[in-house]
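Below is one structure, written out as structure tokens; the observations come after it.
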There are 2 protein chains.
Amino acid sequence: MAETTLRERKRQRTRRAIVDAAVELFEERGYEGTTIADIAEAAEIGTRTFFSYFASKEEVLFPESDSRIAAAVEAIAARGPDDRPADVLLRALRNVNRDSDEMVSRVAALRLRLIRNVPAVRGRGLQLQFDAQREIARHLCAAYADELDEAGAAALVGAFVGAVTGALQVLLETAGDDPAAMSRRLEEATDAALQPWLRRK
Amino acid sequence: MAETTLRERKRQRTRRAIVDAAVELFEERGYEGTTIADIAEAAEIGTRTFFSYFASKEEVLFPESDSRIAAAVEAIAARGPDDRPADVLLRALRNVNRDSDEMVSRVAALRLRLIRNVPAVRGRGLQLQFDAQREIARHLCAAYADELDEAGAAALVGAFVGAVTGALQVLLETAGDDPAAMSRRLEEATDAALQPWLRRK
DNA sequence: ACGGTAACTGCACTAAATGCATATTTGCAA
DNA sequence: TTGCAAATATGCATTTAGTGCAGTTACCGT
């Protein structure tokens with residue numbers, strides 16, 4: 001599985017160096033106060049090379065963008081015979097939240113802070129979430145082809161994610177940067193938001 | 001109410017000229033193929049002046065950004081004594097769709113097309129929708145202060161808007177041109193997704 | 001008519017992003 | 001090992017979005 005040619009290893013190392021340098025600089029000087037030239041210099045690459053790793057400055061903050069999709073797809077694949085679509089989505093969201101490997105990482109914490117304050121970053125985050133929803137809806141629709149059409153699946157996923165995101169938005173407004181507290185409030189938010197679905201059954 | 005000083009009238013006329021010129025050029029050469037200098041020239045203003053009317057290129061496509069919020073606030077204000085929060089939101093969403101004054105306008109049609117194809121425009125649209133949700137949630141929370149907290153209201157609004165947006169995303173992809181059929185499928189999909197909230201009481 | 005203020009505009013500047021042309025490094029087969 | 005093809009790195013020029021500033025013009029209320 002390692003299938004690790006030298007070229008590939010080197011590339012991953014450089015990629016990591018870029019992310020690390022960027023996070024460092026963002027924390028030190030702020031997002032807008034950091035230029036791509038700064039990041040490139042800190043990562044010891046040419047400015048031009050940056051763009052062969054990330055298409056834009058925002059992308060650096062979303063280096064593993066499809067891990068959430070993967071978690072949801074996994075939850076869908078692992079569904080039981082009695083599971084309703086809503087049950088599956090619920091477990092999928094829990095999986096994402098438990099993927100604390102990402103949640104506690106430095107870049108994730110920084111990202112949350114920047115999403116609150118920097119429009120460009122927030123915009124990119126919303127965009128990725130939107131695309132992820134569509135992808136998850138495809139899988140959900142395929143898994144429940146007999147009772148969900150594409151639009152219905154998309155509406156269901158949108159309702160779930162929308163509820164969680166909406167609650168999260170409010171809770172993050174009134175929360176400090178403490179990752180543990182944030183994680184706790186995240187679970188509160190999801191539970192509260194999804195209660196109408198939990199209550200049934 | 002007209003309170004129309006010449007200066008103000010002139011400003012509105014220029015604003016309109018910018019939007020018209022931009023729409024014209026976007027349709028002719030595409031969004032990315034049109035520079036702000038082009039728009040300014042067509043609207044007969046200096047390039048610099050453009051930015052005293054719109055903060056960025058995308059903004060031109062969202063010239064009446066808070067009409068949706070207004071419609072929702074209106075629906076909340078016009079609630080009946082038996083209405084549940086979900087009922088009010090449902091009617092608010094229907095109001096928005098019936099606000100065809102905007103829906104049929106040229107800029108709205110162009111905007112829909114560009115949202116599908118141009119990441120920057122989609123990002124801005126999502127951003128505005130997100131902000132609108134928060135605002136609507138505030139009003140809903142105020143109207144039902146006894147049974148909804150801020151997070152709960154935000155979750156509810158997020159679920160409704162998320163369901164509609166998700167379904168719409170799929171329905172717009174399968175470009176059936178019949179607006180009536182699309183409207184019907186939109187209602188089916190969202191009704192199914194939001195059933196847990198609608199069914200109660 | 002006049003003085004203050006809001007709007008318009010040109011100029012210079014920063015920074016993001018892309019295209020191109022070139023050099024370097026790596027993978028791989030002979 | 002050698003040599004060649006492909007991937008990668010990088011410098012340079014260019015376009016464009018967006019901002020700050022300073023000077024001018026147009027409008028408003030008195």
Side-chain angles (χ1 to χ4, degrees), chain A residues 2-22 25-26 28-63 114 117-125 127, chain B residues 2-22 25-26 28-63 114 117-125 127:
Chain A
E3 195 45 71
T4 171
T5 156
L6 170 59
R7 201 175 253 169
E8 192 59 28
R9 259 179 294 148
K10 221 172 179 176
R11 198 171 168 80
Q12 289 309 318
R13 212 183 321 140
T14 301
R15 187 183 165 89
R16 175 66 60 108
I18 293 174
V19 173
D20 287 348
L25 289 172
F26 289 162
E28 183 184 327
R29 315 178 192 175
Y31 181 80
E32 336 227 28
T34 304
T35 73
I36 291 183
D38 294 336
I39 300 172
E41 191 187 1
E44 297 180 306
I45 58 173
T47 299
R48 189 62 182 82
T49 307
F50 174 91
F51 292 100
S52 89
Y53 284 87
F54 298 96
S56 74
K57 201 173 159 187
E58 299 96 75
E59 296 296 325
V60 181
L61 290 165
F62 302 88
L114 292 182
N117 303 328
V118 184
V121 178
R122 177 166 49 241
R124 187 65 188 128
Q127 177 99 232
Chain B
E3 196 46 69
T4 170
T5 159
L6 171 60
R7 200 177 255 167
E8 192 59 29
R9 259 179 293 149
K10 221 170 178 179
R11 195 169 170 82
Q12 289 308 318
R13 212 183 321 141
T14 301
R15 188 184 165 87
R16 175 68 57 108
I18 294 175
V19 173
D20 287 347
L25 289 172
F26 288 163
E28 182 185 328
R29 315 179 193 173
Y31 180 80
E32 337 228 27
T34 304
T35 73
I36 290 183
D38 294 336
I39 300 172
E41 191 187 3
E44 297 180 306
I45 59 173
T47 301
R48 189 63 181 81
T49 306
F50 174 91
F51 291 102
S52 90
Y53 285 86
F54 298 95
S56 73
K57 200 173 162 187
E58 299 97 74
E59 295 297 324
V60 182
L61 291 164
F62 301 88
L114 292 182
N117 302 329
V118 183
V121 179
R122 176 166 49 241
R124 187 65 186 127
Q127 177 95 234

Interatomic distance where CZ belongs to B:Arg13 and P belongs to D:dA26 [whole Å]: 14 Å

Donor-acceptor pair under 3.5 Å, B:Arg48 side chain vs D:dG20 base: yes

Spacing between B:Glu44 atom CD and C:dT9 atom P, to the nearest angstrom: 10 Å

Euclidean distance, atom CD1 of residue B:Ile18 to atom C1' of C:dT9 [Å, nearest integer]: 13 Å

Below 4.0 Å: OP1/OP2 of C:dA7 and any side-chain N or O of B:Ser52: no

Residue mapping more 5' on DNA chain D - nearest nucleotide basis, A:Gly46 or B:Thr35: A:Gly46

D:dA9 OP1/OP2 closer than 4.0 Å to side-chain N/O of A:Arg11: yes

Phosphate OP1/OP2 of C:dA7 contacted by B:Tyr53 side-chain N/O (<4.0 Å): no

Distance in angstrom units between B:Glu8 CD and D:dG29 P, rounded: 12 Å

A:Phe50 CZ to C:dA16 P, straight-line distance once rounded to whole Å: 9 Å

Proximal nucleotide (of D:dA26, C:dA17, C:dA7) relative to the B:Lys10 side chain: D:dA26

A:Thr5 side-chain N/O to C:dG27 phosphate OP1/OP2 under 4.0 Å: yes

Phosphate OP1/OP2 of C:dG10: any B:Thr47 side-chain N/O under 4.0 Å: no

Closest to side chain of B:Arg7, choosing from D:dG20, C:dT18, C:dA6: C:dA6

Rounded interatomic separation in angstrom, taking CD1 from A:Ile39 and P from C:dA16: 8 Å

Atom-pair distance (CD on A:Glu32; C1' on D:dA17), nearest Å: 14 Å

Listed nucleotide nearest any side-chain atom of A:Ile36, set C:dA17, C:dC11, D:dA17: C:dA17

Given D:dG18, C:dA17, C:dC8, the nucleotide with the shortest approach to the side chain of A:Ser56: C:dA17

Between P of C:dG10 and CZ of B:Phe51, the distance in whole Å: 14 Å

